[in-house]
Protein chains: 2
Amino acid sequence: MVVATRLKIGDVAKQTGVAVGALRYYESLGLLSSERGDNGYRYYSPEAVHQVQFIKKAQALGFSLEDVGDVLNVHQRGDVPCEFVRSLLQDKIQQLEAQIQQMMAFKADLEQYRDRWAESHPRPQPGDICPLIETVPLGA
Amino acid sequence: MVVATRLKIGDVAKQTGVAVGALRYYESLGLLSSERGDNGYRYYSPEAVHQVQFIKKAQALGFSLEDVGDVLNVHQRGDVPCEFVRSLLQDKIQQLEAQIQQMMAFKADLEQYRDRWAESHPRPQPGDICPLIETVPLGA
DNA sequence: TGGGACTTTATAGTTGACTAGAGAGTTTAA
DNA sequence: TTAAACTCTCTAGTCAACTATAAAGTCCCA
């Protein structure tokens with residue numbers, strides 16, 4: 001009676017804002033799966049939308065599609081012990097933590113950079129040459 | 001008498017751990033400058049080493065070489081008012097801040113993900129199927 | 001029944017940040 | 001002095017993550 005909604009590739013594209021071509025590309029990498037209709041069309045379950053959103057989110061944070069696959073493929077194969085997934089997750093969390101620390105340090109650098117310059121130039125004059133970079137070498 | 005040390009490209013490569021080809025590439029993008037000797041060789045000042053280190057640092061944090069150029073080119077041309085550089089820096093700082101916030105949120109997601117699973121699986125059995133991804137859809 | 005919107009595969013092109021190699025000239029240390 | 005090591009330019013290739021296009025088939029609705 002109640003047949004689970006089957007989405008066509010264009011529907012998933014619209015709901016996620018991800019291009020049709022990109023979805024096919026994800027499939028080619030094993031990040032996203034679909035069933036094929038008799039017409040050869042791909043049909044997706046509504047969860048596929050979440051899957052794609054997850055991919056985009058991870059990606060926005062600097063994870064590669066391969067990284068994402070490390071987690072998702074494991075799920076799709078459905079045959080890997082939980083401990084493995086858990087350690088993958090733990091790795092990602094630690095990577096993220098390290099990256100956050102680096103970013104905060106770099107941000108502090110940039111702020112110091114900006115503020116030191118502000119001190120020595122309380123009121124920039126038109127035509128000023130900017131001594132910013134050479135006088136406060138960053139990241140040395 | 002005292003001539004400032006002139007480094008050859010290979011010296012800079014060794015001191016920074018960046019490949020010779022990459023240094024030439026940076027130059028082609030205007031991120032790094034050198035003087036040419038009569039032999040056609042590039043010669044670098046010791047500050048070039050800091051410049052390259054800065055590039056690598058920014059890059060490691062997800063800034064593109066174009067981003068880096070936004071800051072550095074301004075310096076190399078030496079003719080742009082400070083306020084412009086200041087606003088560039090301010091932009092980068094804010095970008096960084098936003099990214100840090102996102103990363104922290106995502107990290108929290110992953111941790112929740114990991115911990116919820118731990119609750120429901122206090123002692124994973126060998127052969128367990130991992131219900132991690134489907135049961136706790138992330139980033140939905 | 002038609003036609004526009006959608007789908008398929010396959011191939012090729014794009015961007016960023018390089019690396020690799022050819023072919024030629026230069027420097028340097030034994 | 002000569003050979004290894006280094007440098008030059010130029011062209012081509014690589015990898016990731018796509019996008020674009022062609023040629024063909026399918027769906028849907030007025």
Side-chain angles (χ1 to χ4, degrees), chain A residues 3 5-45 48-49 51-73 92 95 99, chain B residues 3 5-45 48-49 51-73 92 95 99:
Chain A
V3 174
T5 324
R6 277 152 50 99
L7 303 167
K8 286 193 290 182
I9 198 165
D11 300 326
V12 176
K14 261 171 218 146
Q15 287 186 38
T16 59
V18 167
V20 165
L23 295 175
R24 287 195 276 248
Y25 178 61
Y26 294 164
E27 186 174 306
S28 79
L29 300 182
L31 303 187
L32 192 59
S33 59
S34 57
E35 298 195 338
R36 293 306 183 106
D38 292 345
N39 47 16
Y41 282 23
R42 289 167 179 85
Y43 289 98
Y44 298 89
S45 69
V49 171
Q51 187 106 332
V52 173
Q53 282 163 347
F54 176 73
I55 294 171
K56 283 281 127 188
K57 193 167 176 180
Q59 218 182 8
L61 296 173
F63 291 106
S64 68
L65 294 183
E66 202 184 348
D67 285 338
V68 176
D70 285 348
V71 172
L72 294 184
N73 278 330
K92 297 301 170 196
Q95 270 176 38
Q99 240 180 313
Chain B
V3 174
T5 323
R6 277 152 49 98
L7 304 167
K8 286 193 288 182
I9 199 166
D11 301 327
V12 176
K14 262 170 219 149
Q15 287 186 39
T16 59
V18 167
V20 165
L23 296 174
R24 286 194 277 246
Y25 178 61
Y26 294 163
E27 187 175 306
S28 79
L29 299 181
L31 303 187
L32 192 58
S33 60
S34 57
E35 298 195 337
R36 293 305 183 108
D38 292 346
N39 48 14
Y41 282 22
R42 289 166 179 86
Y43 288 98
Y44 297 89
S45 69
V49 171
Q51 188 105 330
V52 173
Q53 281 164 348
F54 175 75
I55 294 171
K56 284 280 127 188
K57 192 167 177 180
Q59 216 183 9
L61 296 173
F63 290 105
S64 68
L65 292 182
E66 200 182 350
D67 285 337
V68 175
D70 286 348
V71 172
L72 294 183
N73 278 329
K92 297 299 171 198
Q95 270 175 37
Q99 242 180 312

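Just so we're on the same page: letters track the sequence lines, and every chain starts at 1.
The stretch residues 20-31 of chain A participates, sequence neighbours left out, in these side-chain hydrogen bond (donor to acceptor under 3.5 Å, both in side chains) pairs: Y26(A)-K56(A), E27(A)-S34(A), E27(A)-R42(A). Pairs engaging residues 8-22 of chain B under the salt bridge (Lys or Arg N to Asp or Glu O under 4.0 Å) rule: none recorded [sequence neighbours left out].
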As a quick check of understanding, evaluate side chain to side chain contact (heavy atoms under 4.5 Å, CB included) for Q15(B) and Q53(B), giving each step before the final call.
CA-CA 10 Å; Q15(B) 287 186 39; Q53(B) 281 164 348; over 6 Å; no

Trace of the side chain to side chain contact (heavy atoms under 4.5 Å, CB included) decision for V49(A) with L7(A)
CA-CA 9 Å; V49(A) 171; L7(A) 303 167; 4.0 Å; yes

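Nearest nucleotide to the side chain of K8(A), out of dA17(C), dC27(D), dT7(D): dC27(D). Listed nucleotides: dT9(D), dC18(D), dT9(C). Nearest to the side chain of R42(A): dT9(C).
Contact between the side-chain N/O atoms of Y26(A) and the OP1/OP2 oxygens of dC18(D) is found at a separation under 4.0 Å. Phosphate proximity of dA17(C) to K56(B): absent, as no side-chain N or O sits under 4.0 Å from OP1 or OP2. Within the 4.0 Å cut-off from OP1 or OP2 of dC18(C), at least one side-chain nitrogen or oxygen of Q59(B) is found. Between dA5(D) and K14(B), no contact under 4.0 Å exists linking OP1 or OP2 to a side-chain N or O.
Between R6(B) atom CZ and dT7(D) atom P there is a gap of 14 Å when expressed in whole angstrom units. We find that OH of Y25(B) is positioned 15 Å from C1' of dA12(D), with the value rounded to whole Å. In this structure, R36(A) places its CZ atom 17 Å from C1' of dC27(D), rounding to the nearest Å. Per the geometry, CD belonging to E66(A) stands 14 Å off P belonging to dC18(D), to the nearest Å. One atom, CD1 of I9(A), and another, C1' of dC6(C), lie 11 Å apart when rounded to the nearest Å. Distance, L31(B) CG to dA17(C) C1': 11 Å, rounded to whole Å. One interatomic measurement links the two molecules: CG of D38(B) to P of dT27(C), which rounds to 9 Å at whole-angstrom precision. Atom CD in E27(A) sits about 15 Å away from atom P in dC18(D), given to the nearest Å.
Put simply, the side chain of Q51(B) gets close to the backbone of L31(B): a donor and an acceptor are under 3.5 Å apart.
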Could I get a table of every N or O pair under 3.5 Å where one atom is in the protein and the other is in nucleotides 20-26 of chain D?
residue : atom : partner : partner atom : Å
dG25(D) : N2   : Y41(A)  : OH           : 2.9

Pick out the pairs of N or O atoms, protein on one side and nucleotides 13-15 of chain D on the other, that lie under 3.5 Å.
none

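Applying the side chain to side chain donor-acceptor pair (under 3.5 Å) test to Y41(A) and every residue at least two apart in sequence or in another chain returns nothing. Here E66(A) pairs with nothing under the salt bridge (Lys or Arg N to Asp or Glu O under 4.0 Å) rule; sequence neighbours left out. Residues that satisfy the salt bridge (Lys or Arg N to Asp or Glu O under 4.0 Å) test with K92(B), not counting sequence neighbours, are D67(B), D70(B).
Note that the CG atom of L32(B) and the OH atom of Y44(B) stand 5.0 Å from one another [nearest 0.5 Å].
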